[in-house]
Amino acid sequence: MRGVYILVLAVLIGLAPVTFGQSPPQPPHPGRLLASNCFQCHGTNGRSLGSIPELAGEDADDIFEALLEFRAQPANANVMHVQARGYTDAQLLLIADFFSKQPD
Amino acid sequence: MNRRRFTQYIGAGALGLALPRIGWGDDGGAPVVPGNTGANGRVVVVGGGMAGATAAKYLRLWGGTGVQVTLIERDPQYYTCIMSNLVLNGSRSLSNQTFTLTRLAQRYGVNVVRGEASSIDPISQKVRTLDGREFPYDKVIVAPGVDFATIPGLESPEAQAAVPHAWKAGPQTIALRDQIQAMPAGGVFVLTIPLPPFRATAGPYDRACVVADFLRVNKPGSKVIVLDANADFLAEKTTFTRAFTVDYPDIIEHHKGVTLNSIDASTRTLNTSIGSITANVINAIPPQRAGRIIQETGLNNANGARYAGVDVVTYQSTAAANIHVLGDSASTTQPKGGHVGNAQAKVCADAITRMLRGDLPDPDPVTNSTVFSPVSADRASWLSVVFKYDGVSRTMTPVGGAATEAGNATRENFDTMRGWFRNLMGDTFA
């Protein structure tokens with residue numbers, strides 16, 4: 001399964017071209033807008049100001065696996081279950097990849 | 001750093017036990033506005049509440065220096081309604097609710113203008129303020145929040161002062177708190193709930209609970225009479241049914257399907273479809289509609305001319321081009337509240353940024369709403385949902401069909417609520 005996810009992610013991110021010198025602005029990360037739904041609780045770009053866990057700079061696989069675990073929990077167990085089940089696997093991979101690339 | 005890795009939380013059910021993170025300090029970790037991203041244009045934002053402030057921040061953060069953002073706000077500070085029911089029981093102060101736009105100016109280069117936007121000219125594409133200034137725009141975002149209907153009998157300023165609704169946080173929240181604190185033992189507090197759509201659908205019910213909890217301890221023998229225009233709870237039915245009937249069975253009376261005819265502020269008497277009721281404190285939440293500038297610009301084309309219809313891919317008005325409406329003023333399938341207003345603002349900021357680059361907006365936006373509802377001074381429930389865009393109905397549809405409420409109102413949820421509040425306000429105003 002992991003191999004499939006990584007392939008999907010590579011396609012979604014489009015194997016972003018490496019650019020040198022004077023170049024057009026980098027396109028935004030394709031998971032940015034989806035991931036911004038997490039900022040209200042986890043802080044802008046996943047940098048938490050309070051007791052809710054930080055996501056910025058965490059390992060993408062760890063975030064993705066955690067989201068799948070939350071999704072498997074009972075319906076009213078916690079907010080994260082409700083949030084995790086709102087996205088496809090491909091979307092969760094993009095979200096996880098976005099946070100893993102933010103400075104912590 | 002006193003940070004716990006998020007993976008420690010998996011399965012622990014212990015959100016909220018983490019040690020607090022040290023703050024960003026002197027902007028040390030605040031994100032930086034990028035240079036020119038290829039998006040160029042002038043965006044004027046009317047209203048610096050949850051939706052407007054978020055939109056201004058993310059237009060700069062995602063749009064870069066080519067997107068010039070002017071944010072017009074009437075008031076010098078913003079009082080958030082979120083958690084403001086805990087001001088009523090004395091556990092929070094108004095200063096805990098207060099935020100300003102200073103950091104949006106300093107960190108992100110938003111041009112914050114103090115003034116009241118009085119009109120929008122969609123032909124010449126200018127916003128005018130009451131004092132005669134003009135602000136030309138390529139796109140304008142209107143996020144004025146809600147206006148309140150006048151309940152019959154409360155036409156005078158004196159009557160309105162005697163019966164504060166406190167459904168816009170600020171001085172009215174303090175006025176209502178002081179009335180509750182001055183109630184005698186064995187007193188009567190009446191809360192009236194209007195028909196939707198209104199801001200914070202669960203809010204009236206958690207207010208009833210928080211006030212009942214306060215009165216039980218401090219004013220023994222008191223009653224909370226809830227006169228609800230609706231046939232049933234509008235949100236978190238399991239949570240509030242349990243709270244009303246198990247936690248506060250001798251305190252809260254919930255009367256459903258009640259029409260409020262008028263209020264006599266001098267005698268504190270309500271004239272209703274179930275008779276005349278006299279109270280020590282009346283908290284009448286008025287029916288609501290979009291802010292005045294929405295009506296005056298002719299954007300109020302939904303919900304019986306009360307709210308503004310929008311295309312939820314961009315939040316552009318369905319009545320006028322290049323005018324976007326966000327937050328409580330917009331008519332959508334999403335609830336009205338600060339958390340979802342923040343999410344809508346990001347979709348709008350992303351769409352405008354793309355359009356100013358000559359691109360198309362994201363065709364599949366996702367938003368979410370999460371609220372925490374205190375049901376006492378130390379326990380809370382939550383209500384959460386993810387919305388996906390449905391291209392057939394052109395609406396945001398809730399994944400799973402409806403929002404999910406917490407299994408139980410707990411102290412743990414109350415602690416998580418504090419963490420949520422801090423990051424939500426930081427994501428919006430800092």
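Just so we're on the same page: letters track the sequence lines, and every chain starts at 1.
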Against chain B, work out which of A:R32, A:H81, A:Q102 has the most heavy-atom pairs shorter than 4.5 Å and name it.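 Winner by heavy-atom pair count: A:R32.
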Sequence neighbours left out, what passes side chain to side chain donor-acceptor pair (under 3.5 Å) with B:T410? Give chain and number order.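 Expected list: B:N413.
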Using heavy-atom distances under 4.5 Å, tell me whether [X] contacts chain A through its side chain, its backbone, both, or neither.
X	value
B:N36	backbone
B:F387	neither
B:W420	both

Judged by modelled atom types alone, do [X] and [Y] share a side-chain donor-acceptor pair under 3.5 Å?
X	Y	result
A:T44	B:D427	yes
B:Q334	B:T367	yes
B:E236	B:S373	yes
B:N423	A:Q40	no

Look at the aromatic rings of B:F99 and B:F421 and report parallel, tilted or perpendicular, splitting at 30° and 60°.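 Because their plane-to-plane angle lies in the 30° to 60° range, the rings of B:F99 and B:F421 count as tilted.
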Are B:Y78 and B:F429 close enough that their ring centres sit under 6.0 Å apart?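 Centroid distance B:Y78-B:F429: below 6.0 Å, so yes.
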Taking the six-membered ring for Trp and the full ring for Phe, Tyr or His, determine whether the centres of B:H324 and B:Y315 are under 6.0 Å apart.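 They do not qualify: ring centres at least 6.0 Å apart.
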For chain A, which residues from residues 342-351 of chain B have at least one heavy atom closer than 4.5 Å to it?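 When heavy atoms of chain A are the reference, residues 342-351 of chain B contributes B:N342, B:A343, B:K346, B:V347, B:D350 within the under-4.5 Å range.
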Among B:T428, B:T404, B:T353, who wins on heavy-atom pairs under 4.5 Å with chain A?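 The candidate making the most pairs under 4.5 Å is B:T404.
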With a 4.5 Å cut-off on heavy-atom pairs, point out which of B:S384, B:G407, B:G419 contacts chain A the most.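 Top count of heavy-atom pairs under 4.5 Å with chain A: B:S384.
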Under 4.0 Å between a side-chain nitrogen and a carboxylate oxygen: does that hold for A:K101 and A:D97?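 Yes.
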